[in-house]
Amino acid sequence: MIRAVVFDVGECLVDETREYGTWADWIGVPRHTFAATFGAVIAQGRDYRETFQEFQPGFDLYAERERRAQAGQPEHFGEEDLYPDVRATLRQLRAHGLWLGIAGNQTVRAGKILRQLFTDDVDLIGTSDDWGASKPDPAFFQRVGETVPFGAAEILYVGDRVDNDIAPARLSGMHTAMVRRGPWATIQWMSEDARKLPTLRVESLRELPGAITRFNAREH
């Protein structure tokens, strides 16, 4: 049975449209050009960070994050950037008695924002910078498994990417749910792995409570 649900952050809980737009502004590239290049990089199976290299070879994302912060333009997301189904879904899952967590590839700064937004709503908030391991490294999912008070086979990891979320979480023994939104899911949705690997496939997080209930009923 699924007893715990752990969510990815970007393009699962948080719509990153505005944030990537601010990156385009920061490097002086038209937003539509940046977005088109971003999509092309993902479609080619490359790391999204290579998008910056297309415009500025040698671009150091971590160093530029600090430069933005020092310039008073730090990376930021808030309540207005959450997908509209997030709050209601968390409430419903909690009402169903499920243990809830948030764990994704995020900076220390992003982790602080997540805690401001979700401390009262979930049991775990962890980031790659907190843990010293980034998806898809198995060590990241090992840390999730060590933190959640249930076995891996009782955890559902929810994400938007086959490569970073679904495949490695499944290899760790967890159930997975792929949500169809954001650039990665849009590009990967019809791939063989996206159709075969997830335990659940949903168009919206609103579908999760019912899908989990049905799955658990079958397991009985």
Side-chain angles (χ1 to χ4, degrees), residues 2-23 48-49 61-137 139-150 152 154-161 164-165 168-169 172 174 176-177 179 181-182 184 204-206 208-209 212:
I2 294 169
R3 300 182 185 276
V5 183
V6 180
F7 294 88
D8 177 35
V9 180
E11 298 307 334
C12 183
L13 302 178
V14 177
D15 182 343
E16 297 178 308
T17 300
R18 183 172 63 86
E19 184 55 36
Y20 282 119
T22 64
W23 271 114
Y48 80 95
R49 289 169 290 194
L61 183 57
Y62 283 96
E64 290 297 318
R65 280 187 177 126
E66 290 307 311
R67 284 188 61 207
R68 282 187 58 174
Q70 292 168 11
Q73 302 178 44
E75 289 185 292
H76 179 74
F77 57 88
E79 187 72 30
E80 67 276 14
D81 298 299
L82 300 183
Y83 278 102
D85 54 8
V86 170
R87 292 294 184 191
T89 298
L90 292 178
R91 286 194 299 269
Q92 191 169 2
L93 291 173
R94 177 72 84 197
H96 287 188
L98 291 159
W99 193 97
L100 302 179
I102 296 172
N105 284 353
Q106 300 290 328
T107 63
V108 170
R109 182 178 293 112
K112 292 178 180 177
I113 297 171
L114 288 169
R115 290 180 181 94
Q116 291 170 357
L117 290 170
F118 293 110
T119 292
D120 295 334
D121 306 295
V122 300
D123 304 288
L124 162 71
I125 297 175
T127 72
S128 53
D129 273 13
D130 293 333
W131 293 344
S134 301
K135 296 181 297 182
D137 189 332
F140 178 94
F141 292 94
Q142 180 179 351
R143 188 60 184 272
V144 172
E146 291 171 349
T147 308
V148 176
F150 299 102
E154 297 174 301
I155 300 170
L156 179 75
Y157 189 81
V158 185
D160 64 299
R161 296 179 58 173
N164 255 30
D165 303 324
S172 74
M174 299 176 188
T176 59
V179 59
R181 60 186 175 207
W184 281 277
S204 164
L205 296 184
R206 290 188 182 92
L208 272 181
I212 293 171

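- Note: Q106 CD to K112 NZ = 14.5 Å, rounded to the nearest 0.5 Å.
- A side-chain donor-acceptor contact under 3.5 Å links D85 to the backbone of L205.
- The backbone N or O of C12 lies less than 3.5 Å from a partner atom in the side chain of R181, making a donor-acceptor pair.
- When side chains are defined from C-beta on, D121 counts as touching R87, because their heavy atoms get closer than 4.5 Å.
- Partners of R18 according to the side-chain hydrogen bond (donor to acceptor under 3.5 Å, both in side chains) rule, which considers only residues two or more places apart in sequence or in another chain, are D81.
- Side chains of Q142 and E146: a donor on one and an acceptor on the other come within 3.5 Å.
- Using a 4.5 Å heavy-atom threshold, the side chains of W99 and I155 count as separate.
- Checking side-chain atoms of D165 against main-chain N and O of R161 turns up a donor-acceptor pair under 3.5 Å.
- Proximity of a side-chain donor or acceptor of Y83 to a complementary backbone N or O of S204 within less than 3.5 Å is not detected.
- Residues R94 and L90 form no side-chain contact, since every pair of their non-hydrogen atoms from C-beta on lies 4.5 Å or further apart.
- Screening residues 5-17 for salt bridge (charged side-chain N to carboxylate O under 4.0 Å, His left out), with sequence neighbours left out, gives D8-K135.
- Between W131 and F140, the angle of the ring planes lies from 30° to 60°, which puts this pair in the tilted group.
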Please report the C-alpha distance between V6 and T147 in whole Å, then the side-chain angles of each, then the deciding distance to 0.1 Å, and finally whether the side-chain contact (heavy atoms from CB on, under 4.5 Å) criterion is met.
CA-CA 11 Å; V6 180; T147 308; over 6 Å; no
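- Contact of the Q116 side chain with the E79 side chain is not registered, since no non-hydrogen atoms from C-beta on lie closer than 4.5 Å.
- One finds the CG atom of L100 at 10.5 Å from the CG atom of L156 (value rounded to the nearest 0.5 Å).
- Evaluation of the ring pair (Phe, Tyr, Trp, His ring centres under 6.0 Å) rule for Y20 yields F38 as partners, not counting sequence neighbours.
- Between the side chain of R115 and the main chain of G111, a donor-acceptor pair closer than 3.5 Å is present.
- Without hydrogens or angle criteria, T127 side chain to N105 main chain gives no donor-acceptor distance under 3.5 Å.
- Two residues are said to be in side-chain contact when any heavy atoms from C-beta on lie closer than 4.5 Å; T22 and Q73 fail this criterion.
- For the pair R65 and Y62, the distance from NZ or CZ to the six-membered ring centre is under 6.0 Å and the angle to the ring normal is within 45 degrees.
- No donor-acceptor pair under 3.5 Å is formed between the side chain of D123 and the backbone N or O of G101.
- The CZ atom of F7 sits 8.0 Å away from atom CD1 of I102, with the distance rounded to the nearest 0.5 Å.
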